[in-house]
Each structure stands twice: as C-alpha cells, then as structure tokens.
Amino acid sequence: MTAILVINSGSSSFKYQLIDVDTETELAGGLVERIGEKLGRARHTNVAAGGERQDTNLTIRDHTVGFAAMIAGFAEHGPQLTEIDLVAVGHRVVQGGAIFTGPTVITDTVLAQITELSALAPLHNPAHVQGIEAGRLNFPYVPHVAVFDTSFHLTMPAPAYTYAIDTALAAKHGIRRYGFHGSSHKYVSEAAAEFLGRPLAELKTIVLHLGNGASACAVDGGKSIDTSMGLTPLQGLVMGTRSGDIDPAVLFHLHRKAGYSIDQLDELLNKKSGMLGLTGNGDMRDVEVAALAGDAIAQAALDVYYHRIRGYVGNYMAQLGGLDVIVFTAGVGENSGVIRERALEGLEGLGIQVDHDRNYAFSRGARVISTDASRVTVLVIPTNEELEIARESRAVI
Ligand code: ADP
C-alpha cells in the first residue's frame, strides 16, 4: 500500500492524516494537542479498520515528542507504518509569499525561506517550521513536501493583488494580496467541474469557503483570478472571530480616541471580531440557533454576514465576466441550509436561484442545490484539503 502522511501543524497542536494515494482514502488520522502544556493528548483513529478514536494523555514537550506520540498511535492501534510504503510527508504551509508557485520538496534552503516568510504570517509559519523540523527528524528517509495555501492564488493578475499604496514601500515589504485556503479552493473548483462532467477550462466558478475562517475565490478555467483574503487571512468575508473587510481608518481612530495599541488592535480584529464581536459567540451553529429562536442580535449579525457574501458574489461575477457555478464548502457552507439560502437571497435577477427542498435535503456528498431554471448552478461540495495536499505532494516527488 502506497501512502502519504499529511501534517497540518499549529503552534501547540498538529493534525495528521495518512492517505492511500491510489484509492485516495484516509487510512488513519489524528490530532496531537496541548504541546508544551503540563498534560497533552494524542488522538488516533485507525480509519481503514473502522476503529474507534483512541485517546492517550501524556506530556508532550515539543513537536518532536508529538511526532513520537503519533508514531506510537500507529504502532498501537494501526495501521502499521512498517507495512506501508510511505512515499512522502506533505506539510500544509499557510504563507508561501510570491516565491512558492506550487508544492515544493523541502530542503534546508526551502525551510529557511519558509522561516523568512514568518514576517508575513507570524501566527502560522513558525508553527509549520516546528512541524517540518519534527517531521524530518522522525521520518528522515522520506521526502517532505510543503504545500502552500497561497500558491493557488499566484495566478491572480496584478490589478487583483495590488493594494493602492506606495509602490516602492509595498515591494520592499512584500505587501500585496496573497490569498489563503488555496488547497480548498483548488480542490473544490476541480471537484465541481468533475461533478458536473464539464471541462474545468471552460468554467467560471465562485467558491465560498465558509468555515471558522472564510474566503471567496473567483476561479476562471481552473485558475484563481481573485480572492477575498489579502496580505493575511484577515481581509474579506465576516468570519467566526475575524472582522474581514474594514476601513483601515477604524484602526487610527481606535488608537487615537481609545488608546488601543497595535497588539490590542491585532487581537481585536483577529480574535474578538466577526460573529464573536457582533453577537458574543463565534460559533455559527449557536448564532444560527439563536437567530431561528428570534434573537434580534443574532439575526442582525447574520444579515451582515450575508450582505458581505452577496457583495463578493456580485464583485466576482463582474471580475469573471459571467458565472457558471457557485460552490459552498467548509463547516458552515457544507452544513447550514439556512445560511446558504439566505446568503444568495435576492440574486434571482443575476440568474442565481436556490431550490428550497434541494438545499435542505440532508446529504454529506456533493450535490446541486439550485433550481433547474437557475442559470448559475449552485453546488455544495465537501472540501478535502488533506487529500489535495497528498495529491500535490505526490505530484512533485
Ligand atoms: P475551520 O477549518 O476554519 O476551523 P470549519 O470548516 O471546520 O472551520 O468550520 C467550522 C464552523 O462551521 C464553525 O463555526 C461551526 O459552528 C460551523 N458549523 C458546523 N456545522 C454547522 C451547522 N450545521 N450549521 C452552522 N454552522 C455549522
């Protein structure tokens, strides 16, 4: 059996999946968390054997110890790594700057470049580096591949990625739109073409990746031509705890009038805004339940959320010069019928018509939720970033 181990490393935890590259199925997966705390936890599921999730509590000093805990999970609960032809370890990396146009085999030079890009992604890249270093120590004889969230968006034309500020200053500090969720947007836009049985090259698609983090992407013939996240994953749609688009002058105002420091502003916009800021709760399920029960604050917050999505749909229809498909994906997009329906409400004049019954019919798979008369086909397609990372890792080894 030939497999790729996919690692998504954060600063105090990492998720992993072992994927059979021929059948493209998950063999095992897990989560190692609370790294560096007094008591950590390793969760492992032998998916191939239909096993239950196995939890082990132990002290996990650093990522290297975390990898050892993951390997122990495989040894104890299977599948046995010794019986598998592990051909690569694929690492998710959030920020690849303008350097990494695609998946890249990790060398010392590449690792140094990923480290350097930490200035543009201080919350993410240092954690990825820890994961990569631990991975290389534990799996020294296997190629390690970095798959970047940003690569898919490097096809954006200059007018889409350029901020209207001093050109020399922007160039000096790498300030431009990079966009994120690239593996998801790529996977979902390709899956949409496959699902519809139409050539990717002729499709104009808008992907709405609505999770805790959320972003929209305009995909023309398989290529990203615009996306809502920017220099960092803060720009664009309203998210669980992030504000998305905001007038930058709000920051000057809060600094001058309310004494907010740069760090406080950073925390405010990244951690205390979005649905959390508007309602006091950043979890969309709770906001949805409250709104359905008649809570006016939750309803008003969702109206902001919908208004922003609709704005991007209209914007991207114009940038694409037409539209064939809208795809909903990620936690909210895949699971919330109410949010899908309300977000696209009033767009019938643009040829977008959601079918109520299709939209609410329960399913976990890819499906059409628009009416037969709708000029634009609206789909729900579950994203699979881990599989995309495995595919891309395989392509470069
Ligand atoms: P991320 O990967 O960005 O952490 P996910 O794609 O897992 O996020 O999405 C998480 C979000 O999806 C949470 O806000 C959660 O409340 C929301 N979500 C999950 N199921 C539902 C549902 N049935 N209705 C509304 N929101 C949901």
Side-chain angles (χ1 to χ4, degrees), residues 6-17 26 29-31 33 43 92-94 121 123-124 127-128 147 149 179-188 191 207-217 227-229 232-244 270-293 295 298-299 301-306 308-309 327-344 354 359-367 369 380-389:
V6 175
I7 303 288
N8 185 349
S9 180
S11 57
S12 66
S13 69
F14 66 87
K15 285 190 275 193
Y16 62 90
Q17 258 188 38
E26 180 186 357
L31 169 70
E33 58 185 344
R43 307 188 128 171
R92 178 196 181 206
V93 178
V94 163
L123 298 178
H124 294 102
H128 300 324
V147 179
D149 271 35
F180 299 89
H181 289 143
S183 296
S184 179
H185 289 302
K186 182 171 190 294
Y187 175 85
V188 165
V207 180
L208 298 169
H209 176 113
L210 310 177
N212 256 324
S215 70
C217 183
T227 192
S228 58
M229 284 178 167
T232 75
L234 179 56
Q235 198 181 350
L237 301 176
V238 178
M239 311 184 211
T241 65
R242 287 172 241 162
S243 63
N270 272 302
K271 305 235 172 88
K272 295 181 173 171
S273 296
M275 299 314 279
L276 177 64
L278 291 170
T279 69
N281 193 326
D283 192 305
M284 265 300 189
R285 266 168 303 208
D286 299 337
V287 178
E288 191 184 308
V289 169
L292 288 172
D295 182 318
Q299 287 170 351
L302 282 171
D303 287 340
V304 178
Y305 186 87
Y306 302 141
R308 189 77 53 85
I309 291 175
V327 194
F328 284 96
T329 195
V332 179
E334 290 168 29
N335 295 305
S336 176
V338 185
I339 290 173
R340 287 193 299 261
E341 188 168 65
R342 295 290 314 279
L344 299 184
V354 172
N359 179 43
Y360 282 98
F362 179 79
S363 165
R364 292 232 173 274
R367 57 205 186 267
I369 59 163
V380 178
I381 295 189
T383 194
N384 194 339
E385 287 162 288
E386 290 78 13
L387 177 55
E388 184 58 38
I389 291 170

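Side chains included, hydrogens not; waters and symmetry mates left out as well; all remaining heavy atoms used. Order of listing sets the numbers, starting from 1, for every ligand and every atom in it.
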Q: Assess G213 for proximity to ligand 1: is some non-hydrogen atom of it under 4.0 Å away?
A: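 Under 4.0 Å: yes for G213.
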
Under the 3.5 angstrom rule, does the side chain of [X] hit a backbone N or O of [Y] as a donor-acceptor pair?
X	Y	answer
N281	L276	no
H128	V94	yes
S336	V332	no

Please write down residue, atom name and distance for the protein heavy atom closest to [atom].
atom	answer
atom 16 (O) of ligand 1	D283 OD1, 2.4 Å
atom 17 (C) of ligand 1	V332 CG2, 3.6 Å
atom 18 (N) of ligand 1	G331 O, 3.7 Å
atom 8 (O) of ligand 1	N212 N, 3.1 Å
atom 23 (N) of ligand 1	N335 CB, 3.3 Å
atom 24 (N) of ligand 1	E288 OE1, 3.2 Å
atom 27 (C) of ligand 1	R285 CG, 3.6 Å
atom 14 (O) of ligand 1	M284 N, 3.3 Å

Q | atom 4 (O) of ligand 1 protein-contacted (non-hydrogen atom, under 4.0 angstrom) | A |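 Within 4.0 Å of atom 4 (O) of ligand 1, protein heavy atoms are found.
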
Any idea which atoms of ligand 1 are less than 4.0 Å away from a heavy-atom of [X]?
X	result
G211	5 (P), 6 (O), 8 (O), 9 (O)
A330	6 (O)
S336	24 (N), 25 (C)

Is the shortest side-chain heavy-atom distance between [X] and [Y] below 4.5 Å?
X	Y	value
R92	I389	yes
L237	I309	yes
Y187	L387	yes

(Q) Does either side chain, that of T329 or that of E334, offer a donor lying less than 3.5 Å from an acceptor on the other one? (A)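 Judged by distance alone, the side chains do pair up.
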
Q | Worked check of side-chain hydrogen bond (donor to acceptor under 3.5 Å, both in side chains) between N270 and R242 | A | CA-CA 5 Å; N270 272 302; R242 287 172 241 162; 4.6 Å; no

Q: Please round to the nearest 0.5 Å and tell me the distance separating atom CG of N384 and atom CD of E26.
A: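 With rounding to 0.5 Å, CG (N384) is 8.0 Å from CD (E26).
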
